[in-house]
Amino acid sequence: MSAAELVQRLLREPLRGSHPYGAPQLAVPVRLNTNENSYPLPEPLIEAMAEQLVGVLAELNRYPDRDALALRADLAGYLGHGLTPAGVWAANGSNEVQQQLLQAFAGPGRRALGFVPAYSMHPLLAVGTGTEWVPGSRAEDFGLTAAAAVAQVRTHQPDVVLLCSPNNPTGTALPLDVIRAVLAAAPGLVVVDEAYAEFARPGTPSALTLLPRYPQLVVTRTMSKAFALAGARLGYLAADPAVVDAVQLVRLPYHLATPTQVIARAALAQAKRLLDTVGVIKQQRDRIVVELRELGLTVADSDANFVLFQVPGQGSRDQVGCWQALLDRGVLVRDVGLAGWLRVTAGTPTETDAFLTAIRAVTAQVTGLARG
Ligand code: PMP
């Protein structure tokens, strides 16, 4: 028996034969496949980070602040909504925050419900924590009504419900009445993944506004997107302080490195300057939506820094062919495994130009072929 076969036999049953999460990291001129912020950090922020990092290097013989209290105070200040450090928790990316939530509130013998298509890490985090994953459904147009969500919650009685708003990969935010209805029906924790909240269209309220009324609600956020800090790995949650206390039971001691805490705090101190790129990215997002619709493609409404669109060709389900055709033109987008759909990140105006030029060419070719 080969080592690979042996390892497969020793693996936990739900992990056998499965593949790790990860989009291709290809060296392509235009990379619009992982919803990163295309803008590098502003120079004054880089300088502040460098200075503060140097300040802590001599202390790296010591463990970091285990409770990350100063960082949590800064995050609470950024979020507002009357939050205090006791109601905020941080970890290495919101992926880790969500993993901790599942470790504490789900796990073996328990069940988590999400409404797919949604963030593809949610089921993987469930499997990784030994949680039963229930893939709930959405309408044909990816919408989710309060009635449909509540019916599924009642049927499955999940220990944790994972909502994603704005939703990845569709881009659309959930109306608050859907979240309220789920909170009223759910027997357990309700997590709202707001990784893309800063990009929402005007008038889209955050689930943070519901926190005072619902102690079973958790809102997760990240500095990987709007804050352009994907490489720093900083995610966080806001919830009742009792939820934050519960998460302490499963977090690893000293999980958040001193440099990570310092970098995140430096970024929060310059949040206004850093978030300047959000406006530009939203413009590019809206431009992509409008121009793809002008091309005749079906496009989901987006409150995020990406757009989900149906590939050219009447009723085409061949997103793989379109993905490859765009890649051949130097543009990398994301195949999220939805037949006939692709997701593109909104970045700089130049990146949008490149993507739109490529998709126009692909569309012309497909419709030309259909006519010819
Ligand atoms: N939630 C959603 C919906 C995401 O799209 C992502 C990143 N792709 C994350 C959470 C995780 O982000 P991070 O771990 O970088 O905070």
Side-chain angles (χ1 to χ4, degrees), residues 20-25 31-38 68 71 75 78-79 88-103 112 114-126 128-129 138 142 144 160-174 179 190-200 204 206-207 218-238 247 251 255-257 260-261 263-264 267-268 274 281 285 300 302-308 332-338 342-347:
Y21 173 89
Q25 291 189 310
R31 278 185 293 164
L32 299 174
N33 69 330
T34 50
N35 300 340
E36 291 155 329
N37 188 319
S38 293
L71 170 60
L75 288 166
Y78 165 67
L79 288 179
V88 173
W89 176 245
N92 297 283
S94 49
N95 282 335
E96 187 182 35
V97 171
Q98 291 169 0
Q99 184 179 51
Q100 291 173 340
L101 289 168
L102 290 174
Q103 285 173 327
F115 299 92
V116 299
Y119 183 36
S120 56
M121 271 305 294
H122 292 164
L124 298 183
L125 291 170
T129 56
R138 289 171 177 269
F142 307 124
L144 183 64
V160 175
V161 178
L162 287 159
L163 299 173
C164 192
S165 178
N167 187 44
N168 180 7
T170 61
T172 321
L174 268 181
I179 299 174
V190 176
V191 179
V192 183
D193 180 339
E194 289 195 349
Y196 300 96
E198 286 90 348
F199 299 102
T204 312
S206 162
V218 183
V219 179
T220 66
R221 293 277 188 107
T222 182
M223 294 184 78
S224 298
K225 313 294 177 182
F227 278 88
L229 278 184
R233 308 304 301 125
L234 201 289
Y236 54 106
L237 66 77
V247 167
R251 60 106 179 93
H255 68 297
L256 205 52
T260 310
Q261 297 191 32
I263 284 174
L268 288 160
L274 197 46
I281 292 166
R285 182 257 331 264
S302 178
D303 291 290
N305 67 341
F306 56 84
V307 176
L308 187 75
L332 178 61
V333 299
R334 183 71 163 269
D335 175 3
V336 292
L338 272 180
L342 288 173
R343 193 193 69 191
V344 60
T345 304

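If you read the sequence from its start, that first residue is 1, and numbering goes on from there. Both counts, for ligands and for their atoms, begin at 1 and track the order of listing.
- Side chain of His122 to backbone of Leu163: no donor-acceptor contact under 3.5 angstrom is found.
- Donor-acceptor pairing under 3.5 Å is recorded for the side chains of Asn35 and Thr345.
- Set against the non-hydrogen atoms of Cys164, the atoms of ligand 1 under 4.0 Å away are 3 (C).
- Using a 4.0 Å cut-off between heavy atoms, Arg233 contacts ligand 1 through its side chain alone, with no backbone atom that close.
- Between Leu338 and Phe142 the shortest side-chain heavy-atom distance falls below 4.5 Å.
- A 4.5 Å side-chain heavy-atom check between Leu71 and Tyr236 finds every atom pair outside the cut-off.
- Remark: ligand 1 and Thr34 share no N or O pair separated by less than 3.5 Å (distance only, no angle test).
- Of all the atoms in ligand 1, the ones that sit under 4.0 Å from a non-hydrogen atom of Lys225 are 7 (C), 8 (N).
- Taking the six-membered ring for Trp and the full ring otherwise, Phe306 and Phe199 have centroids separated by 6.0 Å or more.
- Distances between N or O atoms of Asn95 and those of ligand 1 include at least one value under 3.5 Å.
- Using a 4.0 Å cut-off between a side-chain N of Lys or Arg and a carboxylate O of Asp or Glu, Arg31 and Glu36 do not qualify as a salt bridge.
- Shortest contact from atom 5 (O) of ligand 1 to any protein heavy atom: Tyr196 OH, 2.6 Å.
- In Ala230, neither the side chain nor the backbone holds a heavy atom less than 4.0 Å from any atom of ligand 1.
- The side chain of Ser224, and not its backbone, has at least one atom closer than 4.0 Å to an atom of ligand 1 (non-hydrogen atoms only; side chain from C-beta on).
- Remark: ligand 1 and Tyr21 share no N or O pair separated by less than 3.5 Å (distance only, no angle test).
- In terms of protein heavy-atom proximity, atom 12 (O) of ligand 1 is closest to Ser94 OG, 3.4 Å.
- If you check which protein heavy atom lies closest to atom 1 (N) of ligand 1, you get Asp193 OD2, 2.7 Å.
- Residue Gly93 has at least one heavy-atom neighbour below 4.0 Å for each of these atoms of ligand 1: 13 (P), 14 (O), 16 (O).
- Contact annotation: the side chain of Asn167 approaches that of Arg138 to within less than 4.5 Å [non-hydrogen atoms, C-beta and beyond].
- Annotation: Gln98 places no N or O atom under 3.5 Å from an N or O atom of ligand 1; distance criterion only.
- Neither the backbone nor the side chain of Glu96 comes within 4.0 Å of ligand 1, counting heavy atoms alone.
- The distance from atom CG of Asp193 to atom OH of Tyr119, rounded to the nearest 0.5 Å, is 7.5 Å.
- Polar contact with ligand 1: present for Thr222 (N/O pair, distance under 3.5 Å).
- Contact of the Val218 side chain with the Leu101 side chain is registered, since non-hydrogen atoms from C-beta on lie closer than 4.5 Å.
- Panel note: side chain Asp303, backbone Tyr196; no donor-acceptor pair is recorded below 3.5 Å.
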